[in-house]
Amino acid sequence: MSYNYDFTREDGTEVLVTYRISGGGGDYFAGGCWMPGDDVEVEFDKVYGLPEGQSLTAEEYEKIAWAILDDPPKYDPLPDDVF
């Protein structure tokens, strides 16, 4: 599932960043060994609203990723009244 994040650059340019969340598997015990889960990762897709020829910097992508991980999107696939 793809999500959107609104981001304002230092120069005031407002952009829309599309991204996906991956990983995040839990820790588990198998075959007599403790297996740590996968880290959660933010995978960026497209950025809308930048002037032609510009792209976000690595620092901006990192800032966006941390903001997303600090307040991840809420996902409720089914309405509460289904069950």
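Position 1 is the first residue of the sequence, and the numbers go up from there.
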Residues passing the side chain to side chain contact (heavy atoms under 4.5 Å, CB included) test with Asp6, sequence neighbours excluded, are Leu16
Approximate separation, where rounding is to 0.5 Å, of [X] [atom1] and [Y] [atom2]:
| X | Y | atom1 | atom2 | value |
| --- | --- | --- | --- | --- |
| Tyr5 | Asp71 | OH | CG | 8.5 Å |
| Leu69 | Glu41 | CG | CD | 9.5 Å |
| Glu60 | Glu10 | CD | CD | 8.0 Å |

Below 4.5 Å, heavy atoms only, C-beta onward: do [X] and [Y] meet side chain to side chain?
| X | Y | value |
| --- | --- | --- |
| Asn4 | Val17 | no |
| Val47 | Tyr61 | yes |
| Val15 | Thr8 | no |
| Tyr19 | Asp45 | no |
| Phe44 | Thr18 | no |

Between Gly49 and Thr13, the two heavy atoms sitting closest are O-CG2, 3.8 Å
On a heavy-atom basis, the closest approach of Pro73 and Ile68 is CD-CG2, 4.4 Å
Gln54 meets the side-chain hydrogen bond (donor to acceptor under 3.5 Å, both in side chains) criterion, sequence neighbours left out, with Arg9
- prompt: Can Tyr3 be reached from Tyr48 by stepping across I, L, V, M, F, W or Y side chains whose heavy atoms are under 4.5 Å apart?
  reply: no
Review point. For Glu43, does the CD atom sit with more than 12 other heavy atoms under 6.0 Å from it, leaving out its own atoms?
Key: yes
